[in-house]
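Before any comments, here is the structure.
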Number of protein chains: 2
Amino acid sequence: MSATGAAAMVPLYEQVKAHVLRMIGSGELQAFSRVPSENELVRLLNVSRMTVNRALNDLASEGVLTRTAGVGTFVAEQSVRAHPLQINNIAEEIRRRGHRYHAEVLLLELACADQALAREFGVHPQAPLFHSIVLHHENERPIQIEDRYVNPVVAPDYMSADFTVETPNEHLVRVAPLQRAEHVVRAANPDPDQAQLLDMAPGEPCLVLRRRTWTNEIVASFATLLYPGSRYEFAGRFTV
Amino acid sequence: MSATGAAAMVPLYEQVKAHVLRMIGSGELQAFSRVPSENELVRLLNVSRMTVNRALNDLASEGVLTRTAGVGTFVAEQSVRAHPLQINNIAEEIRRRGHRYHAEVLLLELACADQALAREFGVHPQAPLFHSIVLHHENERPIQIEDRYVNPVVAPDYMSADFTVETPNEHLVRVAPLQRAEHVVRAANPDPDQAQLLDMAPGEPCLVLRRRTWTNEIVASFATLLYPGSRYEFAGRFTV
DNA sequence: CTGGCTGACCTGTATAGACAAGCTTCCGGC
DNA sequence: GCCGGAAGCTTGTCTATACAGGTCAGCCAG
């Protein structure tokens, strides 16, 4: 591994991070398993220890690894974390952890706004709305049910998008600038269908995120995201 | 600034971070204003440029600063600060809704840090920590169990505070400036004691907020807040 | 068999030096 | 006046080196 190759452009420490993430993604490194030590990676990748150190520290501060002086570096199989406020892309979030992502489209239809939806969107009842239900998987395990209504005015091509390639969120961000968002986080028991889709244990609660987003002062989408309580949590930090 | 001082224990780069944060906290550096360049800080603090680089990069990855090659380092805008989860003062929140609030102190003790707590606080195991459990009520109905550990270094008078008059959070805000916070939101089933304290229906899940706060770069408190899932939710909005 | 010591290996931190690349300013030639 | 380029700042990256301190296994003495 060398930085001098004209191809590079990607910093060495990023290449080291990618190497470790690949090892995690390929299953070579399981949760809690030990990551090669800094010196081993130095020999393996032919970079300096400081470069490896930076790469591993980065991944640790991102929550991918945990490190203990005198012991070693390990894969941190934390339950997933996301910041509730940043409109996050679940696909990117999973891939950043070096895990495999795929989506399953359960429903994609043209729906009519009922009373409640009409109020959320500020449209008349019976107004057309796109409606999608997508099941997102991390390492072949379901992690999120995304039940989303979209305003056709904002995203007219929503129905022809392929959500196994591009998440609904990515599609919306691409076609319409996000201007404002409102969200509500709750804990709730899933109904039986949802529990089965998310492969949840009996009695396990869900973390529920409801989000409404605006584009150009009109409601663009209204989404309900369900996560298994035992496998997902929102995390965030802020500075005063 | 030197690492050799016996007092130290705190890494140099943490001291550099604290120095910059103090400049921000004191108003010397406003939002968008320019942070001294790496070389200026090198001269000012008498550390190597790599150490300054690490400190500033850390603060940038935490969202405190933004950096641009060839231009400089600046204090980030921090508009996303208006985090809904920041609204921590349950008493004020309840009173703002026009409801009656009262608190019940279930426990107030001097505790010893176990392994996990020592890690959260960055202190040695067996180190003393204040520990309080307060049950907050809205209209005579329990709404939050607050289980909090506090660093005696930050709030030495914590044990003599009256939490029926001033919430633990208010006390901390008063005696120590909040600098940074980290939180995690989960959904979980309460244990029987907790369910009873919160007057919850059988099978009802809890919304759990875990929060760690920093003052002057040391962990000031670690709190676990339990809410009945059927009677509480986090909500907020933000603008891009 | 037990207890303590030692050495190997790990991460954590700090430094000096080097080069690359982005941006701004200014100056000189036209 | 206008344009181009050099100078001089900035951050970004990489390396070699050094030492400290944590952890663990294994050896050796009692």
Side-chain angles (χ1 to χ4, degrees), chain A residues 1-20 29 32-62 64-76, chain B residues 1-20 29 32-62 64-76 115 118-119 122-127 217:
Chain A
M1 194 173 284
S2 157
T4 55
M9 300 300 280
V10 178
L12 271 182
Y13 70 88
E14 286 291 353
Q15 296 177 42
V16 176
K17 288 172 67 174
H19 184 267
V20 174
L29 289 178
F32 302 112
S33 61
R34 174 174 199 156
V35 177
S37 77
E38 295 187 353
N39 282 320
E40 284 168 343
L41 288 172
V42 163
R43 288 190 290 273
L44 182 63
L45 303 177
N46 197 30
V47 297
S48 80
R49 194 190 139 213
M50 282 303 292
T51 299
V52 173
N53 183 266
R54 168 159 190 188
L56 297 185
N57 275 343
D58 272 17
L59 290 175
S61 77
E62 288 168 20
V64 176
L65 306 176
T66 62
R67 318 196 71 197
T68 312
V71 182
T73 301
F74 302 86
V75 178
Chain B
M1 194 171 287
S2 157
T4 55
M9 299 296 282
V10 178
L12 271 182
Y13 70 88
E14 287 291 352
Q15 297 177 41
V16 176
K17 288 171 67 174
H19 184 268
V20 174
L29 291 177
F32 300 114
S33 61
R34 176 175 197 158
V35 177
S37 77
E38 295 188 354
N39 282 321
E40 285 168 341
L41 287 172
V42 162
R43 286 190 291 273
L44 181 64
L45 303 176
N46 196 31
V47 298
S48 79
R49 194 190 139 213
M50 281 302 291
T51 299
V52 173
N53 183 267
R54 170 161 186 187
L56 296 185
N57 275 341
D58 271 18
L59 290 175
S61 76
E62 288 168 20
V64 176
L65 306 176
T66 61
R67 316 196 72 197
T68 312
V71 181
T73 301
F74 302 86
V75 179
Q115 210 72 26
R119 201 170 46 245
V123 299
H124 292 293
Q126 312 303 324
E217 290 300 304

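Quick caveat: nothing in here was measured; it's all calculated off a predicted structure. To find a chain, count down the sequence lines: A is the first, B the second, and so on, and within it residues start at 1.
Residue A:Y13 places at least one side-chain N or O under 4.0 Å from the OP1 or OP2 atom of D:dT13. Residue A:T51 has no polar side-chain atom (N or O) positioned under 4.0 Å from OP1 or OP2 of D:dC14. In this model, the phosphate group of C:dT13 is approached by a side-chain N or O of B:R54 to a distance below 4.0 Å at OP1 or OP2. At D:dC9, none of the side-chain N or O atoms of B:S37 fall inside 4.0 Å of OP1 or OP2 (strictly under the cut-off). For D:dG12, one of the phosphate oxygens OP1 or OP2 lies less than 4.0 angstrom from a side-chain nitrogen or oxygen of B:N57.
Of all nucleotides listed (C:dG12, D:dT13, D:dT10), D:dT10 comes nearest to the side chain of B:E40. Of the candidates C:dT13, C:dG12, D:dG12, the closest approach to any side-chain atom of B:P11 belongs to C:dT13.
The salt bridge (Lys or Arg N to Asp or Glu O under 4.0 Å) test applied to B:E40 returns no partner, not counting sequence neighbours. Residues passing the side-chain hydrogen bond (donor to acceptor under 3.5 Å, both in side chains) test with B:S33: none are found, sequence neighbours excluded. The side-chain hydrogen bond (donor to acceptor under 3.5 Å, both in side chains) check on A:R67 picks up A:E38, A:N57, A:T73, with sequence neighbours excluded. For the side-chain hydrogen bond (donor to acceptor under 3.5 Å, both in side chains) test, residues two or more places apart in sequence or in another chain that qualify with A:S48 are A:T51.
Here the closest non-hydrogen pair linking A:V52 and A:V16 is CA-CG1, 4.5 Å.
Between the side chain of A:R34 and the backbone N or O of A:V71 there is at least one donor-acceptor pair closer than 3.5 Å.
Rounded to a whole Å, the CG atom of B:L65 is 11 Å from the P atom of D:dG12. Summarising the geometry, the separation between CD on B:E38 and C1' on C:dA20 is reported as 14 Å, rounded to the nearest angstrom. The CG-P distance, from B:L59 to D:dT11, rounds to 13 Å in whole Å. Regarding B:F74, its CZ atom lies at a distance of 12 Å from the C1' atom of D:dC9, rounded to whole Å. The interatomic distance linking B:N39 (CG) with C:dG17 (C1') rounds to 13 Å, in whole Å. Across the protein-nucleic acid pair, A:L41 atom CG and C:dT11 atom C1' stand 13 Å apart, rounded to whole Å. Atom CG in A:L12 sits roughly 20 Å away from atom P in C:dA18 (whole-Å rounding).
Taking 4.5 Å as the limit, every side-chain heavy atom of A:K17 sits out of range of all side-chain heavy atoms of A:R54.
Residue A:N53 is in base contact, counting any heavy-atom pair closer than 4.0 Å across all strands shown.
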Check: What string of B, S and - do you get for nucleotides 16-22 of chain D, 5' to 3', if B is base contact, S is sugar-phosphate-only contact and - is no contact with any protein heavy atom under 4.0 Å?
Finding: BBB--BB
